[in-house]
Amino acid sequence: MAIPVPHQPVRVRIAPSPTGDPHVGTAYIGLFNAAFARHHGGQFVLRIEDTDQKRSTRSSEEAIYKSLRWIGLNWDEGPDVGGPYGPYRQSERSAIYLRHAQLLLDNGSAYRCFCTAERMEKVRILQRARKENPGYDGHCRGLPRDEADSRAAAGEPHVYRLKMPKDGETVVPDALRGQVAFDNSQIDDQVLLKSDGLPTYHMANVVDDHLMHITHVIRAEEWINSTPKHLHLYAAFGWEPPVFVHMPLLRNADKSKISKRKNPTSLEFYQRSGILPEAMLNFLALMGYSRKDAEGNDLEHFDFDALVSDLDLSRISLGGPVFDLEKLKWINGIYLRAMAPALVAERVFAWYREEERHAVVGHLVQERVTDLGNFAHHAAPFYAGSLEYGLNARYLLVGATSKKKTAVRLTAAASAAMLEDLIARLEALSSWQLAEVEACARAAAQASGAALGDALMAIRVAVCGRPASPPLFESIHAIGRAVTLVRLRLAAAAVSEPRTLLEAVNHAQAEVDAARRALEAAQAADGPVAAPAAAPPLADKEA
RNA sequence: GCCCCGUUAGUCUAGCGGUCAGGACACGGCCCUCUCAAGGCUGGGACAGGAGUUCAAUUCUCCUACGGGGCACCA
């Protein structure tokens with residue numbers, strides 16, 4: 001069963017929301033959209049869904065472009081490249097949505113709702129108490145049109161809601177799942193236009209997809225439940241809906257929807273970790289999808305063009321794939337080893353130079369360097385993704401390594417809490433400026449109750465992996481938001497679950513013990529001339 | 001709580017009524033080797049459970065369990 005292609009040319013889109021770090025999920029969905037478009041000789045559109053004024057930022061939007069380009073995705077139309085159906089930024093399309101909302105008001109498929117947030121809250125509480133489904137209760141649904149209009153004209157704040165049918169069912173044709181039925185009774189009257197005049201996702205998405213002639217909506221499974229609303233919107237406008245393809249959700253190791261708490265989700269993190277974009281793309285293509293060669297052997301290593309050549313979305317498997325960093329690393333290694341040697345060096349140096357950051361790192365490291373060859377050692381924390389703490393893990397416990405008798409020594413839980421606090425503060429930053437980063441670190445340190453230096457030491461080791469680094473605030477600033485946050489989360493998790501840290505330390509201790517035994521044995525047997533009977537080998541399996 | 005989706009080894013997957021249930025990552029062993037990788041060989045490890053349909057179910061249907069998602073003036 002292939003995906004139906006009712007219309008030529010095929011047009012697909014991704015519609016990321018510029019509200020945070022560029023997400024692997026965006027790249028994942030983008031990859032299959034782009035490949036589908038290319039396979040059918042159609043177009044791939046990038047649309048920015050920035051109707052959430054509170055959270056959307058232009059810098060996040062820029063970061064999305066950058067990361068998607070980094071991974072090798074190119075769109076035919078988008079805010080930055082233009083196209084015949086623009087503008088491609090929803091915040092610039094307000095008039096279009098307003099006009100279309102008016103259309104729905106006029107043909108009776110939408111109505112004005114004057115309910116306040118406070119009333120909605122009360123309704124929800126009541127519904128919960130009565131164990132009813134939460135949802136809009138239809139309070140304003142029966143309001144006469146002229147009354148609603150005059151209240152609106154008087155300036156009373158209100159939203160537009162879609163008038164959903166109250167009974168019967170809505171069947172969503174999903175290209176991968178078949179017919180999925182929903183009872184209309186549990187779909188409430190969705191807000192289409194917010195009181196700020198901007199559309200909700202549901203409204204904007206349907207209007208834009210139609211106006212942009214989107215033929216296939218390939219999106220994450222989390223949207224499948226709202227598809228009935230979208231279907232009714234299409235019907236209300238008298239438009240033909242696109243083909244829907246709901247992709248499985250990328251998962252954390254515990255199978256929950258992939259999240260930054262449990263996984264690095266920022267594409268920038270992977271870029272900074274030294275993951276090759278082509279390897280990342282390849283890895284993503286393996287999530288829920290598989291290819292075979294002519295003999296029927298599974299293919300693991302292939303590029304975008306190969307994916308495009310025989311793409312068949314109906315081969316998508318619907319169990320949510322766990323995003324497994326181990327396999328990513330393996331694929332990355334494959335690409336590295338397959339490269340011409342000269343090219344590897346070129347890629348490595350190009351990577352070191354990315355974003356002109358090397359100048360800043362050079363400056364930070366300069367004072368500590370004794371020779372050129374020494375540079376890499378000191379700069380290492382700036383050129384890596386996640387870190388291993390090994391013996392340095394002890395520094396993650398705030399105050400534990402302090403030499404002062406009076407030092408405040410935090411428990412593991414309190415140390416983790418301090419890191420969590422810092423994470424929250426850093427996440428709340430709207431931009432990554434040195435002064436702000438410093439303020440966050442100082443505030444978290446102070447809030448912990450420990451001495452400034454002790455708390456900062458824990459942060460230093462969490463972020464840099466070592467108790468010796470260039471000035472901490474500058475280092476954090478240079479390491480960057482994406483990598484810093486991942487390291488802090490990992491460190492916080494490690495500290496609150498010290499078992500693995502202890503294992504690492506025990507392992508290291510075993511090495512030390514083995515080394516000492518070997519050397520002591522050598523010394524004992526030592527005459528003026530080295531004894532021919534060699535010291536016991538430094539067994540790396542030692543306990 | 002209600003609704004929707006899903007379920008092959010720790011992980012990614014092949015399979016689309018009859019297979020010794022195949023491959024990959026990870027893990028163990030052996031080989032190669034100055035080390036470490038890489039590579040080669042090899043080992044252990046899976047159809048969530050129960051009914052039904054059928055000569056025959058991993059594959060079709062239903063129930064249960066488990067996992068996930070959704071139920072916003074966020075997308």
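Order of the sequence lines sets the chain letters (A, B, ...), proteins ahead of strands, with each chain counted from 1.
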By nearest atom, which of the nucleotides B:rG69, B:rC12, B:rC2 is closest to the A:Q186 side chain? B:rC2

Is there a Watson-Crick or G-U wobble partner for B:rG45 with both distances under 3.5 Å, and if so, which one is it? none

What does A:P321 touch in the nucleic acid at a heavy-atom separation under 4.0 angstrom: a base, only the sugar-phosphate, or nothing? sugar-phosphate

Given B:rG39, B:rC3, B:rC74, which nucleotide is nearest the side-chain atoms of A:T200? B:rC74

Are a donor atom and an acceptor atom from the side chains of A:N282 and A:E278 found within less than 3.5 Å of each other? no

If we ignore angles and hydrogens, is there a donor and acceptor under 3.5 Å between the side chains of A:S185 and A:D167? no

Report which part of the nucleic acid A:G319 touches: base, sugar-phosphate, or nothing (heavy-atom distance under 4.0 Å, all strands). sugar-phosphate

Answer with base, sugar-phosphate or nothing: what part of the nucleic acid does A:R55 contact at a heavy-atom distance below 4.0 Å? base

Take atom CG of A:L281 and atom P of B:rC12, then tell me their distance rounded to the nearest Å. 20 Å

Just to confirm, is there a sub-4.0 Å distance from OP1 or OP2 of B:rC71 to any side-chain nitrogen or oxygen of A:R124? no

Rounding to an integer number of angstrom, what distance separates B:rU8 and B:rG43 when you compare their P atoms? 25 Å

When rounded to the nearest Å, what value does the distance between C1' atoms of B:rG15 and B:rA46 take? 13 Å

By the definition salt bridge (charged side-chain N to carboxylate O under 4.0 Å, His left out), identify the one residue from A:R89, A:R69, A:K66 that meets it with A:D80. A:R69

May I ask you to say what A:M287 touches in the nucleic acid, namely base, sugar-phosphate or nothing, with a heavy-atom cut-off under 4.0 Å? sugar-phosphate

Distance check: side-chain N/O of A:R161 vs OP1/OP2 of B:rC73, anything under 4.0 Å? yes

Under 4.0 Å between a side-chain N/O of A:K257 and OP1 or OP2 of B:rG70, yes or no? yes

In whole Å, what separates the P atom of B:rA21 from that of B:rG29? 28 Å

Quick one: label A:R128 by what it contacts on the DNA or RNA (base, sugar-phosphate, nothing), any heavy atom closer than 4.0 Å. nothing

Would you say the rings of A:Y289 and A:F32 are close, in the sense that their centroids are separated by under 6.0 Å? yes

Using whole Å, what does the distance between atom P of nucleotide B:rU13 and atom CG of A:L299 come to? 16 Å

Looking just at side-chain N and O atoms, do A:N252 and A:S259 make a donor-acceptor pair shorter than 3.5 Å? yes

Check the pair A:N205, A:E49 against side-chain hydrogen bond (donor to acceptor under 3.5 Å, both in side chains), reporting the backbone distance first and the verdict last. CA-CA 8 Å; A:N205 153 71; A:E49 304 234 349; over 6 Å; no

Please state the C1' separation for the pair B:rC66 and B:rC27 - nearest whole angstrom. 26 Å

Under 4.0 Å between any heavy atoms, over every strand shown, what does A:A181 touch: base, sugar-phosphate, or nothing? Just pick one. sugar-phosphate

Using atom P of each nucleotide, how far apart are B:rG28 and B:rC5 to the nearest Å? 42 Å

Just to be sure I understand the rule, does A:S226 reach a base, reach only the sugar-phosphate, or reach nothing, if contact means heavy atoms closer than 4.0 Å? nothing

Would you classify A:G296 as touching base, sugar-phosphate or nothing, given that sugar-phosphate means primed atoms plus P, OP1 and OP2, and contacts are heavy atoms under 4.0 Å? nothing

Do NZ/NE/NH1/NH2 and the carboxylate oxygens of A:D209 and A:R47 come within less than 4.0 Å? yes

Find which nucleotide of RNA chain B each of A:S290 and A:E221 is nearest to by heavy atoms, and output the residue with the more 5' nucleotide. A:E221

Could you work out the separation of B:rG17 and B:rC60 based on their P atoms and round it to a whole Å? 8 Å

State the pairing partner of B:rC32; accept Watson-Crick or G-U wobble contacts with both distances under 3.5 Å, and report none otherwise. none

State whether the side chain of A:S60 and the backbone N or O of A:T57 hold a donor-acceptor pair below 3.5 Å, judged by distance alone. no

Where the side chain of A:V180 is concerned, which of B:rG6, B:rU13, B:rC4 is the nearest nucleotide? B:rC4

Rounded to whole Å, the CZ-C1' distance (A:R89 to B:rA75) equals 17 Å

When you check the phosphate oxygens OP1 and OP2 of B:rA75, does a side-chain N or O of A:K194 lie under 4.0 Å from one of them? yes

Measure OH/A:Y136 against P/B:rA72 and give the value in whole Å, please. 14 Å

Return the value, rounded to whole Å, for the distance between atom CG of A:L192 and atom C1' of B:rA75. 15 Å

Across all strands, who's sitting opposite B:rC25 as a Watson-Crick or G-U wobble pair, both distances under 3.5 Å? B:rG10

Where the side chain of A:S317 is defined as all heavy atoms beyond and including C-beta, which of B:rA75, B:rU13, B:rC3 is the nearest nucleotide? B:rU13

Summarise protein proximity over nucleotides 18-25 of chain B in one line of letters, 5' to 3': B for base, S for sugar-phosphate only, - for none, counting protein heavy atoms closer than 4.0 Å. ----BBBS

Does B:rU58 have a Watson-Crick or wobble partner in any strand here, with both distances under 3.5 angstrom, and which is it? none

Pairwise C1' distance for B:rU11 and B:rC73, with rounding to whole Å: 41 Å

Contacts under 3.5 angstrom, residues 296-304 of chain A side chains, donor-acceptor by atom type, not counting sequence neighbours:
unit_1, atom_1, unit_2, atom_2, d
A:N297, ND2, A:D293, OD2, 3.4
A:D298, OD1, A:K292, NZ, 3.4
A:E300, OE1, A:K327, NZ, 3.4
A:D303, OD1, A:D305, N, 3.3
A:D303, OD1, A:A306, N, 2.9

Value in whole Å for how far the C1' atom of B:rA72 lies from CD of A:E222: 14 Å

Using the P atoms only, state how far B:rC32 lies from B:rG10, rounded to an integer number of Å. 33 Å

Polar contact flag, side-chain donor to acceptor under 3.5 angstrom, A:H213-A:R11: no

Begin from the C-alpha positions of A:F283 and A:F323 and carry the test ring-ring contact (aromatic ring centres under 6.0 Å, His included) through to its verdict. CA-CA 9 Å; A:F283 175 65; A:F323 195 84; 5.1 Å; yes

Kindly say whether, by distance alone, the side chain of A:S195 makes a donor-acceptor pair under 3.5 Å with the base of B:rC73? yes

Tell me what A:R219 touches on the nucleic acid: a base, only sugar-phosphate, or nothing, going by heavy atoms under 4.0 Å. nothing

The residue, A:I224 or A:R251, whose nearest nucleotide of RNA chain B is more 5′ is A:I224

Separation of B:rU11 atom C1' from A:Y289 atom OH, nearest Å, is 21 Å

Length of the line joining A:K229:NZ and B:rC4:C1', which is rounded to integer Å: 13 Å

Remember a base hit wins even if backbone is also touched, and classify A:V322 as base, sugar-phosphate or nothing at under 4.0 Å, heavy atoms. sugar-phosphate

Looking at A:T51, does any N or O in its side chain come under 4.0 Å of the phosphate oxygens OP1/OP2 on B:rA75? yes

